[in-house]
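Input: a single structure, listed below in structure tokens.
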Protein chains: 2
Amino acid sequence: MVEPTRRQAIEDVASELFRERGYAGTSIRDIARALAVQGASLYAHVTSKEDVLWAIVDRAATRFEAAATAAEAAADADRPGDPAEALAALVRAHVDVLTSDVDAAGVFVHEWRALAPEHRQAILDRRDAYEARFRRRIEDGIAVGAFAMTDPGIATSTLLSAVNGVAGWYDPNGRLPAARVADHLVELSIRMIANA
Amino acid sequence: MVEPTRRQAIEDVASELFRERGYAGTSIRDIARALAVQGASLYAHVTSKEDVLWAIVDRAATRFEAAATAAEAAADADRPGDPAEALAALVRAHVDVLTSDVDAAGVFVHEWRALAPEHRQAILDRRDAYEARFRRRIEDGIAVGAFAMTDPGIATSTLLSAVNGVAGWYDPNGRLPAARVADHLVELSIRMIANA
DNA sequence: GTACCTAACTAGCGATCGTTAGGTTACCTC
DNA sequence: GAGGTAACCTAACGATCGCTAGTTAGGTAC
């Protein structure tokens, strides 16, 4: 896979480095070195270091949102009124986005704190809205007796933490294909809140 | 709670800042400012910045290990041969350590990457051994039919990610006392891998 | 009163940080 | 072959980084 634009190549290596060493632990010159270029040369393609972080985080957030929207639409069309099905679709969509670009997703999950205040707040708002989608399905499931009676807030946070853990160990070249990983996570997630 | 020694006060402030902004995102002068002292003054109590991180991480790791040892001993004495009971005790012990010092635990979970190579490797080894305790109980449970048939490695990683998520939202002054949080996490964890 | 200890200070070192400015090279298009 | 453009260069700016050195102030012990 060759990068279409130089800007994209910068964001890709930045994703990798930000994920490995964190935003603050990565210098502009580190990114440049990975591209065999001088640090100052990056500023022909980028306006600031934070701008690179924001681009990565914003894109990842958008991909998570779009995948969740598609998943919910499909689940509601396929088996309307089935909270377990809808939640499973959400989890699968989430894991798919995660595994399709572990670096960017890992940065999204861990490095949003390093964003400038306005960007940081914007991401927090979007993250809240995203989490609310999961919580709504969990609440629905509890209401119809499909899920066990548990604190929906804690269940939602814990479920997403569990799923996001994938970013910590998934290896695109590992033994498990992304689809199998998603299978496992869907299974564990649903069972976590299911009514025994 | 007043710090007994100046060194302890430094580590406590550092835990808070490292957790909020990360190790690389926190300067020696930041820590000193929080203590109303000049940056250089810290070096009377500390040999290096990394030494502070290592002290925090090492202590947290030791507390997790000790709590797990005690929990396993109690569970094995109380109800030997019951994997669900042993795993529940491990999870409860883990959450207890987590909530008793969210800052230090959060640093342990997220900032071990910033350690110097030798320290980093040492923590990785200990973390592997720690995770193996959980995996062993999960494998035992699968063997006796108490837990569902799932990949023990993925189940262990996902379970610990779920539980560690507590470090992201637990508030010592919040509505939920630590014991209730532990109850919820034990419930969710066991159900996640239990045989329905 | 002298010696020691703890805890802080000021001053500054060399390195690295994000970023700017201005100039050079290679290639594409007309 | 002139003009345009994308990509990169060198040099350097002011700020901040982790850390060292040397000193001062106040308390305690002999």
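Keep in mind that this is a model prediction, so the values were computed, not measured. Throughout, protein chains are lettered first and strands after them, A, B, ... in sequence-line order, and every chain is numbered starting at 1.
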For residues 40-59 of chain A, which residues have at least one heavy atom under 4.0 Å from DNA chain C?
A/Ala40, A/Tyr43, A/Ser48, A/Lys49
Compute the centroid of each ring, for B/His110 and then for B/Tyr23, and state whether the two points are separated by less than 6.0 Å.
no
Look at the side-chain heavy atoms of Ile, Leu, Val, Met, Phe, Trp and Tyr, link any pair under 4.5 Å apart, and say whether B/Ile190 and B/Val144 land in one connected group.
no
Answer with yes or no whether the side chains of A/Ser27 and A/Arg33 bring together a donor and an acceptor at under 3.5 Å.
no
N or O in side chain of A/Ser27 less than 4.0 angstrom from C/dC17 OP1/OP2:
yes
Just by distance, with hydrogens left out, do A/Arg133 and A/Thr69 show a side-chain donor and acceptor under 3.5 Å apart?
yes
Rounded to whole Å, how long is the line connecting atom CZ of A/Arg29 with atom P of C/dT16?
10 Å
On DNA chain D, reading 5' to 3', which nucleotide is the first and which the last to sit with an atom under 4.0 Å from a heavy atom of chain B, could you check?
D/dC17 to D/dT20
Less than 4.0 angstrom from a charged side-chain N to a carboxylate O is my criterion; do A/Asp101 and A/Arg59 meet it?
no
Do B/Arg120 and B/Trp112 form a cation-pi contact, if we require the NZ or CZ to be under 6.0 Å from the six-membered ring centre and within 45 degrees of the ring's axis?
no
So, the side chain of A/Tyr170 versus the backbone of A/Gly165: is there a donor-acceptor pair under 3.5 Å, distance only?
no
Atom CZ of B/Arg33 and atom C1' of C/dA8 are separated, to the nearest Å, by 17 Å
Specify whether A/His94 and A/Phe134 have parallel, tilted or perpendicular ring planes, treating 30° as the upper limit for parallel and 60° as the lower limit for perpendicular.
perpendicular
